[in-house]
Amino acid sequence: MVTFCNTTLPHMLRERDAADGLARRIGADVSLRAEALASSQRDQEVMSAPFVEEVYDHEPVDISLDLKVKVTLVCVTACSSRRTMTARGRR
């Protein structure tokens, strides 16, 4: 996860024209959210439930449903947080 958040994700974002600083901040944010989710089994169950139907057919198909749900949850909360901050005039 560390390599993905610190290297792979920022690289993917820079390939889509994200500024380097922003790409690194997003990677760090995703890492923090993933660590927070991993720290509580109860929170994982409650927060993951709404995403099961959404992700059951996502690719890659050979990844467990549980992992797909958790990745989607982390990414969705990160994106919603960024939109909320932008809407409030914070960047």
Side-chain angles (χ1 to χ4, degrees):
M1 181 186 74
V2 173
T3 300
F4 177 79
C5 290
N6 292 338
T7 306
T8 307
L9 181 57
H11 175 72
M12 291 167 56
L13 294 169
R14 284 191 302 272
E15 285 183 338
R16 297 291 181 209
D17 298 325
D20 184 57
L22 175 61
R24 282 186 277 125
R25 285 193 309 273
I26 290 171
D29 182 63
V30 169
S31 179
L32 288 172
R33 290 171 191 280
E35 289 175 19
L37 179 64
S39 70
S40 171
Q41 183 64 35
R42 170 100 171 104
D43 289 345
Q44 287 180 36
E45 293 169 4
V46 171
M47 294 175 67
S48 297
F51 293 94
V52 172
E53 187 176 336
E54 170 70 27
V55 303
Y56 78 94
D57 62 348
H58 284 190
E59 293 182 6
V61 294
D62 59 338
I63 300 295
S64 74
L65 181 60
D66 184 58
L67 181 57
K68 289 179 190 181
V69 167
K70 289 174 182 169
V71 168
T72 301
L73 175 60
V74 166
C75 292
V76 165
T77 58
C79 290
S80 334
S81 176
R82 166 92 37 218
R83 276 188 294 241
T84 301
M85 289 173 62
T86 301
R88 292 180 181 162
R90 296 184 227 153
R91 293 179 187 224

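Side chains are part of it too, since the values below use all heavy atoms of this structure and drop only hydrogens, waters and symmetry mates.
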Minimum heavy-atom distance V74-A34, with the two atoms named = CG2-CA, 3.8 Å

Quick one: list whatever passes salt bridge (Lys or Arg N to Asp or Glu O under 4.0 Å) with K68, sequence neighbours left out.
->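 K68 satisfies salt bridge (Lys or Arg N to Asp or Glu O under 4.0 Å) with no residue once adjacent residues are dropped.
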
Could you tell me whether D66 and K70 make a salt bridge, using a distance below 4.0 angstrom between a side-chain N and a carboxylate O?
->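 Result for this pair is yes, salt bridge flagged.
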
In terms of hydrophobic clusters joined by side-chain contacts under 4.5 Å, are [X] and [Y] together?
X   : Y   : answer
F51 : M47 : yes
I26 : L32 : no
F4  : L37 : yes

pair E35-S31: side-chain heavy atoms closer than 4.5 Å = yes

Could you give the side-chain donor-acceptor pairs of residues 7-17 under 3.5 Å, partners two or more places apart or in another chain?
| unit_1 | atom_1 | unit_2 | atom_2 | d |
| --- | --- | --- | --- | --- |
| H11 | NE2 | E15 | OE2 | 2.9 |
| R14 | NH1 | D20 | OD1 | 2.9 |

Output all residues satisfying side-chain hydrogen bond (donor to acceptor under 3.5 Å, both in side chains) with N6, sequence neighbours left out; order by chain, then residue number.
->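 Per chain and number, N6 pairs via side-chain hydrogen bond (donor to acceptor under 3.5 Å, both in side chains) with no residue.
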
I'd like a table of donor-acceptor pairs (distance under 3.5 Å, sequence neighbours excluded) in which one partner is a side-chain atom from residues 52-64, with atom names and distances.
| unit_1 | atom_1 | unit_2 | atom_2 | d |
| --- | --- | --- | --- | --- |
| H58 | NE2 | E54 | O | 3.2 |
| S64 | OG | L67 | N | 3.1 |

